[in-house]
Amino acid sequence: MFCYQCGAKLSEQHDFCTACGVDVYLYKKIMCVSNRFYNEGLEKASVRDLSGAIVSLRQSLKFNKNNIEARNLLGLVYFETGEVVAAMSEWVISKNLRPEKNIADDYIEMLQSNATRLDSINQTIKKYNQAYTYCIQESKDLAIIQLKKVLSLNPRFVRAHQLLALLYMDSEQWEKAQRELKKCMAIDRNNTQTLRYMNEVERMLQPDENDKQFGKRKKDEAVRYQSDNEIIIQPMSVKETKRGTASTLLNIGLGLLIGVTACYFLVVPTAVNKAKADARKDVTEIGNQLDAKTLTIQELEKQVKDLEAENLNLTNELEGYVGEDGTMQTIDNLLQAANIYLTTQDLQETAVNLEAIAANVRIEDTSDAFKNLYNTLLTTIGPSLAVTYYNDGLAAYRSEDFATAVELLNKAVYYDAANVESLYYLARAYHRSDDKENALSGYTKVVELFPGTQNATNAQRYIDELNQSVAD
(Lines give C-alpha, C1' and ligand atoms only; values in the text may rest on other atoms or scores of the structure.)
Protein backbone atom coordinates (compact mmCIF):
# COMPACT_ATOMS: atom_id res chain seq x y z
CA MET A 1 0.00 0.00 0.00
CA PHE A 2 1.38 3.40 -0.98
CA CYS A 3 0.87 6.90 0.44
CA TYR A 4 -1.80 8.88 -1.39
CA GLN A 5 0.20 12.10 -0.99
CA CYS A 6 3.85 11.27 -1.72
CA GLY A 7 3.59 7.73 -3.17
CA ALA A 8 5.95 6.17 -0.62
CA LYS A 9 5.36 2.63 0.61
CA LEU A 10 3.39 2.62 3.89
CA SER A 11 4.49 0.74 6.96
CA GLU A 12 2.10 -1.77 8.51
CA GLN A 13 3.09 -0.71 12.05
CA HIS A 14 2.50 3.04 11.72
CA ASP A 15 -0.63 5.08 11.10
CA PHE A 16 1.33 7.81 9.38
CA CYS A 17 3.56 8.00 6.32
CA THR A 18 7.21 7.64 7.31
CA ALA A 19 8.21 9.71 4.27
CA CYS A 20 5.95 12.78 4.41
CA GLY A 21 4.29 12.35 7.83
CA VAL A 22 0.67 12.53 6.65
CA ASP A 23 -1.97 10.68 8.70
CA VAL A 24 -2.99 7.53 6.78
CA TYR A 25 -5.08 5.73 9.41
CA LEU A 26 -8.43 6.36 7.70
CA TYR A 27 -6.85 5.85 4.27
CA LYS A 28 -5.64 2.39 5.30
CA LYS A 29 -9.10 1.54 6.61
CA ILE A 30 -10.72 2.55 3.30
CA MET A 31 -8.20 0.57 1.25
CA CYS A 32 -8.72 -2.51 3.44
CA VAL A 33 -12.50 -2.29 3.07
CA SER A 34 -12.13 -1.97 -0.70
CA ASN A 35 -9.84 -5.03 -0.83
CA ARG A 36 -12.23 -6.99 1.41
CA PHE A 37 -15.13 -6.33 -0.96
CA TYR A 38 -12.88 -7.29 -3.89
CA ASN A 39 -12.02 -10.64 -2.24
CA GLU A 40 -15.69 -11.20 -1.50
CA GLY A 41 -16.58 -10.49 -5.15
CA LEU A 42 -13.83 -12.85 -6.30
CA GLU A 43 -15.19 -15.67 -4.08
CA LYS A 44 -18.74 -15.14 -5.35
CA ALA A 45 -17.60 -15.07 -8.97
CA SER A 46 -15.70 -18.34 -8.47
CA VAL A 47 -18.98 -20.10 -7.48
CA ARG A 48 -20.92 -18.34 -10.30
CA ASP A 49 -22.80 -16.00 -7.97
CA LEU A 50 -22.30 -13.28 -10.56
CA SER A 51 -25.03 -10.93 -9.30
CA GLY A 52 -23.55 -11.01 -5.80
CA ALA A 53 -20.08 -10.52 -7.28
CA ILE A 54 -21.26 -7.40 -9.14
CA VAL A 55 -22.67 -5.92 -5.91
CA SER A 56 -19.45 -6.61 -3.96
CA LEU A 57 -17.16 -5.29 -6.71
CA ARG A 58 -19.22 -2.11 -7.05
CA GLN A 59 -18.88 -1.60 -3.28
CA SER A 60 -15.13 -2.11 -3.63
CA LEU A 61 -14.95 0.59 -6.33
CA LYS A 62 -17.04 2.97 -4.21
CA PHE A 63 -14.30 2.88 -1.58
CA ASN A 64 -11.41 2.89 -4.07
CA LYS A 65 -12.16 3.81 -7.67
CA ASN A 66 -8.50 3.11 -8.56
CA ASN A 67 -8.76 -0.57 -7.58
CA ILE A 68 -7.69 -1.89 -10.98
CA GLU A 69 -8.12 -5.58 -10.07
CA ALA A 70 -11.69 -5.00 -8.90
CA ARG A 71 -12.56 -3.01 -12.03
CA ASN A 72 -11.08 -5.62 -14.39
CA LEU A 73 -12.91 -8.42 -12.55
CA LEU A 74 -16.16 -6.44 -12.70
CA GLY A 75 -15.68 -6.15 -16.48
CA LEU A 76 -15.18 -9.93 -16.73
CA VAL A 77 -18.33 -10.59 -14.69
CA TYR A 78 -20.33 -8.23 -16.92
CA PHE A 79 -18.90 -9.97 -20.01
CA GLU A 80 -19.87 -13.38 -18.60
CA THR A 81 -23.50 -12.22 -18.18
CA GLY A 82 -23.61 -10.92 -21.76
CA GLU A 83 -23.30 -7.23 -20.81
CA VAL A 84 -20.49 -6.51 -23.28
CA VAL A 85 -20.96 -2.72 -23.33
CA ALA A 86 -20.74 -2.45 -19.54
CA ALA A 87 -17.66 -4.70 -19.58
CA MET A 88 -15.94 -2.54 -22.21
CA SER A 89 -16.71 0.58 -20.15
CA GLU A 90 -15.00 -0.85 -17.08
CA TRP A 91 -11.95 -2.01 -19.08
CA VAL A 92 -11.56 1.37 -20.81
CA ILE A 93 -11.68 3.16 -17.45
CA SER A 94 -9.14 0.69 -16.08
CA LYS A 95 -6.83 1.31 -19.04
CA ASN A 96 -7.04 5.08 -18.54
CA LEU A 97 -6.21 4.70 -14.85
CA ARG A 98 -3.23 2.40 -15.55
CA PRO A 99 -2.02 2.65 -19.16
CA GLU A 100 0.93 0.27 -18.68
CA LYS A 101 0.98 -3.40 -17.60
CA ASN A 102 -2.81 -3.71 -17.46
CA ILE A 103 -4.56 -6.92 -18.48
CA ALA A 104 -7.52 -4.79 -19.61
CA ASP A 105 -5.46 -4.13 -22.77
CA ASP A 106 -5.73 -7.81 -23.68
CA TYR A 107 -9.48 -7.88 -23.06
CA ILE A 108 -10.09 -4.77 -25.21
CA GLU A 109 -7.82 -6.04 -28.00
CA MET A 110 -9.60 -9.40 -27.91
CA LEU A 111 -12.86 -7.65 -28.82
CA GLN A 112 -11.58 -4.95 -31.15
CA SER A 113 -9.34 -7.24 -33.20
CA ASN A 114 -12.33 -9.35 -34.29
CA ALA A 115 -14.55 -7.22 -36.54
CA THR A 116 -17.08 -10.04 -36.92
CA ARG A 117 -17.44 -10.34 -33.18
CA LEU A 118 -17.91 -6.59 -32.78
CA ASP A 119 -20.59 -6.61 -35.46
CA SER A 120 -22.28 -9.54 -33.71
CA ILE A 121 -22.27 -7.60 -30.42
CA ASN A 122 -23.80 -4.56 -32.12
CA GLN A 123 -26.48 -6.73 -33.74
CA THR A 124 -27.22 -8.31 -30.34
CA ILE A 125 -27.79 -4.93 -28.68
CA LYS A 126 -29.98 -3.67 -31.53
CA LYS A 127 -32.10 -6.82 -31.62
CA TYR A 128 -32.55 -6.83 -27.83
CA ASN A 129 -33.70 -3.20 -27.89
CA GLN A 130 -36.05 -4.03 -30.76
CA ALA A 131 -37.47 -6.96 -28.76
CA TYR A 132 -38.00 -4.65 -25.78
CA THR A 133 -39.84 -2.22 -28.09
CA TYR A 134 -42.03 -5.06 -29.35
CA CYS A 135 -42.91 -5.92 -25.73
CA ILE A 136 -43.99 -2.33 -25.08
CA GLN A 137 -46.07 -2.43 -28.28
CA GLU A 138 -47.72 -5.72 -27.16
CA SER A 139 -46.19 -7.55 -30.14
CA LYS A 140 -45.07 -10.46 -27.97
CA ASP A 141 -44.67 -13.05 -30.73
CA LEU A 142 -42.29 -10.74 -32.59
CA ALA A 143 -40.43 -10.10 -29.34
CA ILE A 144 -39.94 -13.85 -28.80
CA ILE A 145 -38.57 -14.29 -32.33
CA GLN A 146 -36.21 -11.35 -31.87
CA LEU A 147 -34.99 -12.63 -28.49
CA LYS A 148 -34.25 -16.04 -30.00
CA LYS A 149 -32.08 -14.28 -32.58
CA VAL A 150 -30.33 -12.43 -29.77
CA LEU A 151 -29.61 -15.66 -27.89
CA SER A 152 -28.37 -17.36 -31.05
CA LEU A 153 -25.75 -14.58 -31.28
CA ASN A 154 -25.02 -14.34 -27.54
CA PRO A 155 -26.20 -17.43 -25.59
CA ARG A 156 -24.90 -15.98 -22.29
CA PHE A 157 -27.03 -12.82 -22.35
CA VAL A 158 -28.85 -13.21 -19.00
CA ARG A 159 -31.27 -10.31 -19.50
CA ALA A 160 -32.40 -11.77 -22.84
CA HIS A 161 -33.03 -15.17 -21.19
CA GLN A 162 -35.01 -13.49 -18.41
CA LEU A 163 -37.13 -11.44 -20.80
CA LEU A 164 -37.83 -14.51 -22.96
CA ALA A 165 -38.81 -16.50 -19.83
CA LEU A 166 -41.13 -13.67 -18.78
CA LEU A 167 -42.82 -13.74 -22.20
CA TYR A 168 -43.26 -17.51 -21.92
CA MET A 169 -44.76 -17.03 -18.44
CA ASP A 170 -47.14 -14.43 -19.82
CA SER A 171 -48.35 -16.94 -22.43
CA GLU A 172 -48.49 -19.73 -19.76
CA GLN A 173 -45.78 -21.80 -21.43
CA TRP A 174 -44.33 -22.76 -18.06
CA GLU A 175 -42.01 -25.55 -19.23
CA LYS A 176 -40.31 -23.28 -21.78
CA ALA A 177 -40.00 -20.56 -19.18
CA GLN A 178 -38.42 -23.06 -16.78
CA ARG A 179 -35.85 -24.06 -19.42
CA GLU A 180 -34.83 -20.44 -20.01
CA LEU A 181 -34.56 -19.77 -16.28
CA LYS A 182 -32.38 -22.85 -15.79
CA LYS A 183 -30.05 -21.48 -18.48
CA CYS A 184 -29.94 -18.21 -16.53
CA MET A 185 -29.09 -20.07 -13.31
CA ALA A 186 -26.33 -21.97 -15.10
CA ILE A 187 -24.74 -18.60 -15.90
CA ASP A 188 -25.64 -16.64 -12.74
CA ARG A 189 -26.63 -18.93 -9.90
CA ASN A 190 -28.11 -16.44 -7.42
CA ASN A 191 -29.66 -13.79 -9.64
CA THR A 192 -32.59 -12.39 -7.67
CA GLN A 193 -34.76 -11.78 -10.71
CA THR A 194 -34.16 -15.30 -12.01
CA LEU A 195 -34.96 -16.86 -8.63
CA ARG A 196 -38.20 -14.89 -8.35
CA TYR A 197 -39.32 -16.01 -11.81
CA MET A 198 -38.30 -19.62 -11.09
CA ASN A 199 -40.30 -19.63 -7.84
CA GLU A 200 -43.41 -18.53 -9.76
CA VAL A 201 -42.87 -21.12 -12.51
CA GLU A 202 -42.36 -23.99 -10.06
CA ARG A 203 -45.48 -22.96 -8.16
CA MET A 204 -47.52 -23.13 -11.36
CA LEU A 205 -46.02 -26.49 -12.34
CA GLN A 206 -46.77 -28.20 -8.98
CA PRO A 207 -50.02 -30.26 -8.80
CA ASP A 208 -53.02 -29.09 -6.74
CA GLU A 209 -53.46 -30.05 -3.10
CA ASN A 210 -56.81 -31.66 -4.10
CA ASP A 211 -54.96 -33.93 -6.50
CA LYS A 212 -52.64 -34.97 -3.68
CA GLN A 213 -55.57 -35.85 -1.39
CA PHE A 214 -57.23 -37.76 -4.20
CA GLY A 215 -54.03 -39.69 -4.72
CA LYS A 216 -53.94 -40.68 -1.03
CA ARG A 217 -57.48 -42.07 -1.14
CA LYS A 218 -56.70 -44.04 -4.25
CA LYS A 219 -53.61 -45.44 -2.58
CA ASP A 220 -55.79 -47.12 0.02
CA GLU A 221 -58.14 -48.53 -2.58
CA ALA A 222 -55.65 -49.66 -5.20
CA VAL A 223 -52.29 -51.33 -5.69
CA ARG A 224 -49.65 -49.41 -7.69
CA TYR A 225 -46.63 -50.80 -9.43
CA GLN A 226 -44.32 -49.50 -12.15
CA SER A 227 -43.74 -51.19 -15.49
CA ASP A 228 -40.93 -49.57 -17.42
CA ASN A 229 -41.92 -45.90 -17.63
CA GLU A 230 -45.63 -46.47 -16.86
CA ILE A 231 -47.33 -46.61 -13.45
CA ILE A 232 -50.00 -49.32 -13.28
CA ILE A 233 -52.87 -48.85 -10.80
CA GLN A 234 -54.94 -51.97 -10.06
CA PRO A 235 -58.05 -51.64 -7.84
CA MET A 236 -58.03 -54.10 -4.94
CA SER A 237 -61.77 -54.73 -5.11
CA VAL A 238 -61.64 -55.96 -8.68
CA LYS A 239 -61.04 -59.64 -9.12
CA GLU A 240 -59.35 -60.98 -12.20
CA THR A 241 -61.65 -63.27 -14.16
CA LYS A 242 -60.60 -66.16 -16.21
CA ARG A 243 -60.28 -65.48 -19.86
CA GLY A 244 -60.46 -67.72 -22.85
CA THR A 245 -58.46 -67.82 -26.04
CA ALA A 246 -60.79 -65.41 -27.84
CA SER A 247 -60.47 -62.80 -25.13
CA THR A 248 -56.70 -63.26 -25.16
CA LEU A 249 -56.55 -62.63 -28.89
CA LEU A 250 -58.85 -59.67 -28.47
CA ASN A 251 -56.61 -58.23 -25.80
CA ILE A 252 -53.57 -58.76 -28.01
CA GLY A 253 -55.30 -56.95 -30.84
CA LEU A 254 -56.31 -54.14 -28.53
CA GLY A 255 -52.75 -53.98 -27.25
CA LEU A 256 -51.38 -53.70 -30.78
CA LEU A 257 -53.93 -51.02 -31.58
CA ILE A 258 -53.03 -49.12 -28.44
CA GLY A 259 -49.33 -49.51 -29.25
CA VAL A 260 -49.79 -48.15 -32.77
CA THR A 261 -51.89 -45.28 -31.41
CA ALA A 262 -49.32 -44.50 -28.73
CA CYS A 263 -46.56 -44.62 -31.32
CA TYR A 264 -48.51 -42.18 -33.46
CA PHE A 265 -49.13 -39.78 -30.61
CA LEU A 266 -45.61 -40.06 -29.13
CA VAL A 267 -43.30 -40.45 -32.10
CA VAL A 268 -45.07 -38.23 -34.64
CA PRO A 269 -45.18 -35.14 -32.35
CA THR A 270 -41.47 -35.59 -31.68
CA ALA A 271 -40.73 -35.66 -35.40
CA VAL A 272 -43.02 -32.67 -35.96
CA ASN A 273 -41.34 -30.71 -33.16
CA LYS A 274 -37.92 -31.53 -34.62
CA ALA A 275 -39.06 -30.34 -38.04
CA LYS A 276 -40.42 -27.14 -36.48
CA ALA A 277 -37.15 -26.58 -34.62
CA ASP A 278 -35.19 -27.03 -37.85
CA ALA A 279 -37.54 -24.63 -39.60
CA ARG A 280 -37.13 -22.05 -36.83
CA LYS A 281 -33.36 -22.41 -37.07
CA ASP A 282 -33.54 -21.86 -40.83
CA VAL A 283 -35.77 -18.80 -40.31
CA THR A 284 -33.26 -17.41 -37.79
CA GLU A 285 -30.37 -17.89 -40.20
CA ILE A 286 -32.34 -16.32 -43.05
CA GLY A 287 -33.26 -13.41 -40.77
CA ASN A 288 -29.60 -12.86 -39.90
CA GLN A 289 -28.66 -12.97 -43.58
CA LEU A 290 -31.43 -10.48 -44.39
CA ASP A 291 -30.23 -8.16 -41.63
CA ALA A 292 -26.68 -8.29 -43.01
CA LYS A 293 -27.92 -7.66 -46.56
CA THR A 294 -30.11 -4.80 -45.35
CA LEU A 295 -27.08 -3.22 -43.70
CA THR A 296 -25.09 -3.63 -46.92
CA ILE A 297 -27.91 -2.07 -48.95
CA GLN A 298 -28.08 0.89 -46.57
CA GLU A 299 -24.35 1.43 -46.90
CA LEU A 300 -24.57 1.27 -50.70
CA GLU A 301 -27.50 3.71 -50.70
CA LYS A 302 -25.46 6.10 -48.58
CA GLN A 303 -22.56 5.80 -51.01
CA VAL A 304 -24.94 6.51 -53.92
CA LYS A 305 -26.25 9.64 -52.15
CA ASP A 306 -22.70 10.81 -51.45
CA LEU A 307 -21.73 10.27 -55.10
CA GLU A 308 -24.85 12.11 -56.29
CA ALA A 309 -24.03 15.05 -54.02
CA GLU A 310 -20.43 15.06 -55.28
CA ASN A 311 -21.65 14.90 -58.89
CA LEU A 312 -23.99 17.85 -58.25
CA ASN A 313 -21.12 19.88 -56.77
CA LEU A 314 -18.90 19.10 -59.75
CA THR A 315 -21.71 20.00 -62.15
CA ASN A 316 -22.24 23.34 -60.40
CA GLU A 317 -18.50 23.96 -60.47
CA LEU A 318 -18.41 23.17 -64.19
CA GLU A 319 -21.34 25.51 -64.81
CA GLY A 320 -19.39 28.15 -62.91
CA TYR A 321 -16.61 27.76 -65.45
CA VAL A 322 -18.74 27.69 -68.61
CA GLY A 323 -21.94 29.52 -67.56
CA GLU A 324 -23.05 33.01 -68.41
CA ASP A 325 -21.11 34.54 -65.50
CA GLY A 326 -18.50 31.80 -65.28
CA THR A 327 -14.73 31.92 -65.60
CA MET A 328 -14.70 31.24 -69.36
CA GLN A 329 -17.24 34.02 -69.93
CA THR A 330 -15.09 36.38 -67.84
CA ILE A 331 -12.01 35.50 -69.90
CA ASP A 332 -14.03 36.21 -73.07
CA ASN A 333 -14.99 39.64 -71.67
CA LEU A 334 -11.35 40.44 -70.90
CA LEU A 335 -10.24 39.41 -74.38
CA GLN A 336 -13.08 41.45 -75.88
CA ALA A 337 -11.96 44.52 -73.90
CA ALA A 338 -8.37 44.05 -75.09
CA ASN A 339 -9.52 43.65 -78.72
CA ILE A 340 -11.66 46.81 -78.58
CA TYR A 341 -8.81 48.86 -77.17
CA LEU A 342 -6.29 47.54 -79.70
CA THR A 343 -8.56 47.98 -82.72
CA THR A 344 -10.64 51.09 -81.92
CA GLN A 345 -8.86 52.80 -78.99
CA ASP A 346 -12.38 53.32 -77.55
CA LEU A 347 -11.64 54.00 -73.87
CA GLN A 348 -15.25 54.14 -72.77
CA GLU A 349 -16.17 50.78 -74.31
CA THR A 350 -13.01 49.21 -72.92
CA ALA A 351 -13.83 50.60 -69.46
CA VAL A 352 -17.36 49.15 -69.63
CA ASN A 353 -15.95 45.66 -70.23
CA LEU A 354 -13.36 46.02 -67.45
CA GLU A 355 -16.03 47.21 -65.00
CA ALA A 356 -18.26 44.27 -65.92
CA ILE A 357 -15.36 41.91 -65.21
CA ALA A 358 -14.65 43.53 -61.84
CA ALA A 359 -18.33 43.23 -60.89
CA ASN A 360 -18.52 39.47 -61.61
CA VAL A 361 -15.18 38.10 -60.41
CA ARG A 362 -12.55 38.73 -57.74
CA ILE A 363 -9.43 39.74 -59.67
CA GLU A 364 -7.22 38.48 -56.81
CA ASP A 365 -8.59 34.93 -57.28
CA THR A 366 -7.81 34.73 -61.01
CA SER A 367 -4.69 33.36 -62.70
CA ASP A 368 -1.49 35.37 -63.07
CA ALA A 369 -1.96 35.75 -66.84
CA PHE A 370 -5.51 37.07 -66.31
CA LYS A 371 -4.39 39.56 -63.64
CA ASN A 372 -1.44 40.76 -65.75
CA LEU A 373 -3.60 41.46 -68.84
CA TYR A 374 -6.33 43.09 -66.74
CA ASN A 375 -3.86 45.33 -64.87
CA THR A 376 -2.10 46.25 -68.13
CA LEU A 377 -5.36 47.43 -69.70
CA LEU A 378 -6.36 49.20 -66.49
CA THR A 379 -2.99 50.98 -66.31
CA THR A 380 -3.13 51.95 -69.99
CA ILE A 381 -6.61 53.46 -70.03
CA GLY A 382 -6.81 54.45 -66.34
CA PRO A 383 -5.20 57.92 -66.35
CA SER A 384 -7.21 59.20 -69.34
CA LEU A 385 -10.46 57.78 -67.99
CA ALA A 386 -9.72 59.17 -64.52
CA VAL A 387 -9.37 62.71 -65.96
CA THR A 388 -12.60 62.35 -67.95
CA TYR A 389 -14.58 61.01 -65.00
CA TYR A 390 -13.09 63.68 -62.69
CA ASN A 391 -14.07 66.53 -64.98
CA ASP A 392 -17.59 65.17 -65.49
CA GLY A 393 -17.97 64.46 -61.79
CA LEU A 394 -16.76 67.93 -60.78
CA ALA A 395 -19.20 69.50 -63.23
CA ALA A 396 -22.05 67.44 -61.72
CA TYR A 397 -20.91 68.45 -58.19
CA ARG A 398 -20.92 72.14 -59.06
CA SER A 399 -24.38 71.83 -60.58
CA GLU A 400 -25.42 70.12 -57.27
CA ASP A 401 -26.26 66.81 -58.99
CA PHE A 402 -24.59 64.95 -56.14
CA ALA A 403 -25.81 61.43 -57.05
CA THR A 404 -24.20 61.70 -60.50
CA ALA A 405 -21.12 63.30 -58.95
CA VAL A 406 -20.71 60.38 -56.53
CA GLU A 407 -20.99 57.83 -59.38
CA LEU A 408 -18.49 59.61 -61.68
CA LEU A 409 -15.98 60.53 -58.95
CA ASN A 410 -15.99 56.95 -57.67
CA LYS A 411 -14.91 55.85 -61.13
CA ALA A 412 -12.24 58.56 -61.23
CA VAL A 413 -10.83 57.33 -57.91
CA TYR A 414 -11.00 53.74 -59.15
CA TYR A 415 -8.91 54.52 -62.21
CA ASP A 416 -6.50 56.89 -60.45
CA ALA A 417 -6.34 56.45 -56.67
CA ALA A 418 -3.47 58.95 -56.42
CA ASN A 419 -5.60 61.92 -57.51
CA VAL A 420 -6.32 63.81 -54.28
CA GLU A 421 -8.84 66.10 -55.99
CA SER A 422 -11.00 63.18 -57.07
CA LEU A 423 -10.98 61.68 -53.58
CA TYR A 424 -11.63 65.02 -51.88
CA TYR A 425 -14.59 66.00 -54.09
CA LEU A 426 -16.00 62.48 -53.76
CA ALA A 427 -16.07 62.97 -49.97
CA ARG A 428 -17.63 66.42 -50.46
CA ALA A 429 -20.31 64.94 -52.76
CA TYR A 430 -21.13 62.35 -50.06
CA HIS A 431 -21.23 65.15 -47.47
CA ARG A 432 -23.51 67.35 -49.53
CA SER A 433 -25.87 64.40 -50.13
CA ASP A 434 -26.06 63.74 -46.32
CA ASP A 435 -24.18 60.42 -46.52
CA LYS A 436 -22.11 61.16 -43.41
CA GLU A 437 -20.60 57.69 -43.07
CA ASN A 438 -19.06 57.63 -46.57
CA ALA A 439 -18.13 61.30 -46.22
CA LEU A 440 -16.15 60.59 -43.04
CA SER A 441 -14.47 57.62 -44.74
CA GLY A 442 -13.47 59.79 -47.73
CA TYR A 443 -12.18 62.67 -45.58
CA THR A 444 -10.16 60.24 -43.48
CA LYS A 445 -8.49 58.75 -46.57
CA VAL A 446 -7.55 62.28 -47.79
CA VAL A 447 -5.95 63.07 -44.40
CA GLU A 448 -4.11 59.73 -44.26
CA LEU A 449 -2.97 59.51 -47.91
CA PHE A 450 -2.21 63.19 -48.59
CA PRO A 451 -1.06 64.78 -45.31
CA GLY A 452 0.14 68.39 -45.39
CA THR A 453 -2.00 69.36 -48.40
CA GLN A 454 -4.73 72.00 -48.38
CA ASN A 455 -7.26 69.28 -49.19
CA ALA A 456 -6.13 67.34 -46.09
CA THR A 457 -6.55 70.46 -43.93
CA ASN A 458 -10.04 71.08 -45.28
CA ALA A 459 -10.92 67.41 -44.86
CA GLN A 460 -9.83 67.46 -41.22
CA ARG A 461 -12.03 70.50 -40.59
CA TYR A 462 -15.04 68.72 -42.08
CA ILE A 463 -14.26 65.61 -40.01
CA ASP A 464 -14.33 67.72 -36.85
CA GLU A 465 -17.63 69.30 -37.89
CA LEU A 466 -19.25 65.94 -38.62
CA ASN A 467 -18.04 64.46 -35.32
CA GLN A 468 -19.33 67.52 -33.45
CA SER A 469 -22.74 67.22 -35.08
CA VAL A 470 -22.91 63.53 -34.14
CA ALA A 471 -21.94 64.35 -30.53
CA ASP A 472 -24.66 67.04 -30.32
Side-chain angles (χ1 to χ4, degrees), residues 1-10 24 26-129 150-162 183-194:
M1 189 179 300
F2 298 93
C3 177
Y4 64 87
Q5 181 164 307
C6 66
K9 187 173 182 180
L10 298 177
V24 294
L26 185 58
Y27 174 72
K28 281 184 174 182
K29 289 283 186 182
I30 293 174
M31 293 298 103
C32 289
V33 171
S34 176
N35 291 336
R36 190 179 73 230
F37 276 117
Y38 165 71
N39 293 331
E40 182 180 296
L42 182 59
E43 291 178 359
K44 290 180 178 180
S46 63
V47 295
R48 301 207 69 81
D49 182 9
L50 302 186
S51 297
I54 289 173
V55 173
S56 298
L57 292 172
R58 282 180 174 174
Q59 286 295 112
S60 175
L61 293 175
K62 282 183 180 179
F63 285 96
N64 180 14
K65 68 178 181 180
N66 295 323
N67 194 334
I68 301 300
E69 289 74 15
R71 196 172 291 279
N72 288 340
L73 180 58
L74 181 58
L76 284 175
V77 174
Y78 277 137
F79 186 80
E80 183 66 15
T81 58
E83 302 289 346
V84 182
V85 175
M88 280 290 289
S89 300
E90 297 299 331
W91 291 334
V92 169
I93 295 172
S94 173
K95 183 178 179 181
N96 289 331
L97 293 175
R98 186 196 292 171
E100 301 294 335
K101 296 182 180 180
N102 193 339
I103 197 172
D105 285 334
D106 298 334
Y107 300 151
I108 295 172
E109 185 179 358
M110 175 189 65
L111 290 177
Q112 292 181 343
S113 61
N114 192 337
T116 304
R117 189 168 191 176
L118 275 178
D119 183 65
S120 176
I121 291 170
N122 291 332
Q123 292 295 326
T124 300
I125 296 171
K126 290 179 182 179
K127 291 180 185 296
Y128 177 80
N129 292 335
V150 170
L151 293 174
S152 68
L153 295 172
N154 187 1
R156 309 190 72 81
F157 198 176
V158 173
R159 280 194 296 162
H161 282 296
Q162 289 175 340
K183 292 177 183 178
C184 290
M185 294 181 70
I187 300 169
D188 185 4
R189 184 169 298 173
N190 290 330
N191 187 288
T192 306
Q193 193 82 355
T194 303

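Starting from 1, each residue takes its place in the sequence as its number.
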Lys44/Glu40 ion pair, N-O < 4.0 Å = yes

Can you list the residues that meet the side-chain hydrogen bond (donor to acceptor under 3.5 Å, both in side chains) rule with Asn154, with sequence neighbours excluded?
-> none

Rounded to the nearest 0.5 Å, how far does CD1 of Ile54 lie from CG of Asp188?
-> 7.0 Å

List for me each residue that meets side chain to side chain contact (heavy atoms under 4.5 Å, CB included) alongside Asn66, sequence neighbours excluded, and say none if there are none.
-> Asn64, Leu97

State, without any angle test, whether Ser51 and Asn191 hold a side-chain donor-acceptor pair at a distance under 3.5 Å.
-> yes

With Glu69, which residues qualify under side chain to side chain contact (heavy atoms under 4.5 Å, CB included), at least two apart?
-> Tyr38, Asn67, Arg98

Where the side chain of Ser56 meets the backbone of Ala53, is there a donor-acceptor pair that is under 3.5 Å apart?
-> no

For Val92, side chain to side chain contact (heavy atoms under 4.5 Å, CB included) partners two or more places apart = Asn96, Ile108

Which residues share a side chain to side chain contact (heavy atoms under 4.5 Å, CB included) with Ala186, sequence neighbours left out | none

Quick check: does any side chain N or O of Ser34 sit under 3.5 Å from a backbone N or O of Ser60, one acting as donor and the other as acceptor?
-> yes

Roughly how far, to the nearest 0.5 Å, is CD of Glu100 from NZ of Lys95?
-> 9.5 Å

If you round to the nearest 0.5 Å, how far is CG of Asn72 from CG of Leu57?
-> 10.5 Å

For Thr81, what residues pass the side-chain hydrogen bond (donor to acceptor under 3.5 Å, both in side chains) criterion, not counting sequence neighbours?
-> none

Rounding to 0.5 Å, atoms NE2 (His161) and CZ (Arg156) come to a distance of 8.5 Å

By ring pair (Phe, Tyr, Trp, His ring centres under 6.0 Å), Tyr128 pairs with (sequence neighbours left out) Phe157

Residue pairs passing the salt bridge (charged side-chain N to carboxylate O under 4.0 Å, His left out) test with at least one member in residues 47-61, sequence neighbours excluded, are Arg48-Glu80

Shortest non-hydrogen pair, Phe79 vs Ala87, comes out as N-CB, 3.7 Å

Classify the angle between the aromatic ring planes of Phe37 and Phe63 as parallel (below 30°), tilted (30 to 60°) or perpendicular (above 60°).
-> parallel

What residues, two or more places apart in sequence or in another chain, satisfy side-chain hydrogen bond (donor to acceptor under 3.5 Å, both in side chains) together with Gln123?
-> none

With sequence neighbours excluded, residues passing side-chain hydrogen bond (donor to acceptor under 3.5 Å, both in side chains) with Gln193 = Arg196, Tyr197

Backbone N or O of Glu90 within a donor-acceptor pair of the Ser94 side chain at under 3.5 Å?
-> no

Nearest-0.5 Å distance, OG of residue Ser89 to CG of residue Leu74 = 10.0 Å

Spacing of Trp91 atom CH2 and Leu76 atom CG [to the nearest 0.5 Å] | 5.0 Å

